[in-house]
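Working notes, structure below.
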2 protein chains.
Amino acid sequence: MQRGQESSDAVKVRTLPVQVAAHLTRRIVSGEIEDGRAPSELDISREFGVSRVVARETLKILASLDIVEVAQGRRVVVRPPAEWDYLSPLLIEWMPTEIVGELLQELHQMRVLLEPELAAMAATSVTGETLDRLRDELDRMAALESDPNAYLEVDHEFHMEICRAADNRILDRIMYSARWLGTASRRITNEAPAALRKATCDHTEIYEALVARDPAAARAAMRKHLANNSNLLAEKEQQTKRAARRR
Amino acid sequence: MQRGQESSDAVKVRTLPVQVAAHLTRRIVSGEIEDGRAPSELDISREFGVSRVVARETLKILASLDIVEVAQGRRVVVRPPAEWDYLSPLLIEWMPTEIVGELLQELHQMRVLLEPELAAMAATSVTGETLDRLRDELDRMAALESDPNAYLEVDHEFHMEICRAADNRILDRIMYSARWLGTASRRITNEAPAALRKATCDHTEIYEALVARDPAAARAAMRKHLANNSNLLAEKEQQTKRAARRR
DNA sequence: ATGTCTAACTTGTCCTATAAGCTGATGACA
DNA sequence: TGTCATCAGCTTATAGGACAAGTTAGACAT
């Protein structure tokens, strides 16, 4: 892989090991690489025309995603897909769209379990500064309803702010790990015309429950918000399936 | 399922980069390294007497834990501890005990939110094979009540089996990520004399709810199990604090 | 004082060696 | 024939030196 061949997007230039890892992962997903037949450092080095250092870092990346297992002296082995790290943004990016669709649903299930409780926890421990920031984000979202992309950024910040207010590093990290899946999910749900206005409305309700430091109300408001998202997600899924059938 | 790698008590020889990364992390935690003053590849190479390749992989490890940020041309910077990846076993291993104690409590909070629902989900989708495996693990646990370490292994397997039965890769991965924290937690709770017998009893109850494919019962049984653990955890915490005060 | 530009420093990649660990085949011995 | 030790040939782990490419801060000119 020589240097001119990088993605024409020119948005994000990634390092060689990441590019090669993406190639290999897609090849594994497509079944081109059989179970035990993972390429060695030298194989990668030869095939992609990269140095052994790069091949090495490629394998480290794949290992960190639990896609392969590597140990000194032993041949690299591919691990079963059920054990891969689906919390990693990199892996998600490399997965085919149908899998990502499934993962979005599973992610939503997780959010339904965690976020209402996080909101309730936040209601008892939230500080004035956090409330100020939430207020600020609410205002910005209201002003950005015509710009879905920018809206999504703030949306994500809003949810993470609440998560942080709950004061639990483990739960915080979990929600953070799912950040890319999350934006992907919201990108779908927020596509609907009136979705943004409705979301702002939901967010306001959550905010007010936090101001009142009312855990039950915060939990209920967050639940309602997620239910609205769920409906949009389901609709979108239907559309996708119909389109696939037509094809 | 041999999901993890090393559960053996054999002393694990770690690679140089991991050792160096452990050193550096501890130094950062102790405040020896100031915010922006992270060592460069050459610094590490010189100070620890390792090659640049090793220094490089060290930084990659720290970056993958979100401890530092590294980019070409720029100096390495230390990220705020609030953003570190507390789901990683490596990081946990390197943290001082008081922090791990706090994390255990936060982990337990997460388990309380997720595991009862996972049990309920599993109750509707569990297969006969999974039930067989659970049955087998129950028997093995009953036979291992005198050997806490071996018991813990099976205990963990039991919980993960249920998680897998819920058929959600995201939730599965979350629970898997917390595996070491989990065993650490159970290592404390299962220390109590009668704890193992009580745990087996709880497990049996959960199992029977799954056999009956009764979500509500499964949720309730899991909740009870976690509440028992919680009591033990609280007791242990009290003891630790008392010991610390005496010191 | 301000803006430009180079020099120094940093990470990214390549090359070549050597050490260390595993696997399977070979062959000696019972 | 069967069992076990040994070794050759694979693999990854580490070392050292070189250059490319990106960033930053300070020198320099205006």
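Because the structure is a prediction, the values reported are computed rather than measured. Letters A, B, ... are given to chains in the order of the sequence lines, protein chains preceding strands, and every chain is numbered from 1.
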Contact nearer the 5' end of DNA chain C, comparing A:Pro17 with A:Gly73: A:Pro17
With nearest nucleotides of DNA chain C determined for A:Gln72 and A:Val54 from heavy-atom distances, which residue corresponds to the more 5′ nucleotide? A:Val54
Over how many whole Å does the gap from [X] atom [atom1] to [N] atom [atom2] extend?
| X | N | atom1 | atom2 | answer |
| --- | --- | --- | --- | --- |
| B:Arg74 | C:dA8 | CZ | C1' | 17 Å |
| A:Leu16 | D:dC19 | CG | P | 20 Å |
| A:Glu69 | D:dT11 | CD | P | 18 Å |
| A:Arg52 | D:dG16 | CZ | P | 16 Å |
| A:Phe48 | C:dT13 | CZ | C1' | 17 Å |
| B:Glu57 | D:dT14 | CD | P | 7 Å |
| B:Ile44 | C:dT10 | CD1 | P | 12 Å |
| A:Arg56 | C:dC14 | CZ | P | 15 Å |

Using a strict threshold of under 4.0 Å (side-chain N to carboxylate O), is an ion pair present between B:Arg173 and A:Asp66? yes
With the threshold set at 4.0 Å, does a side-chain nitrogen-carboxylate oxygen contact exist between B:Glu57 and B:Lys60? no
Pick base, sugar-phosphate or nothing for A:Val53, based on heavy-atom distances below 4.0 Å to the nucleic acid. base
On a heavy-atom basis, the closest approach of B:Glu137 and B:Phe158 is OE1-CA, 3.4 Å
Side-chain donor-acceptor contact under 3.5 Å, A:Tyr151 with A:Ser146: no
Tell me which nucleotide among D:dT11, C:dC14, D:dA15 gets nearest to the side chain of B:Ser51. D:dA15
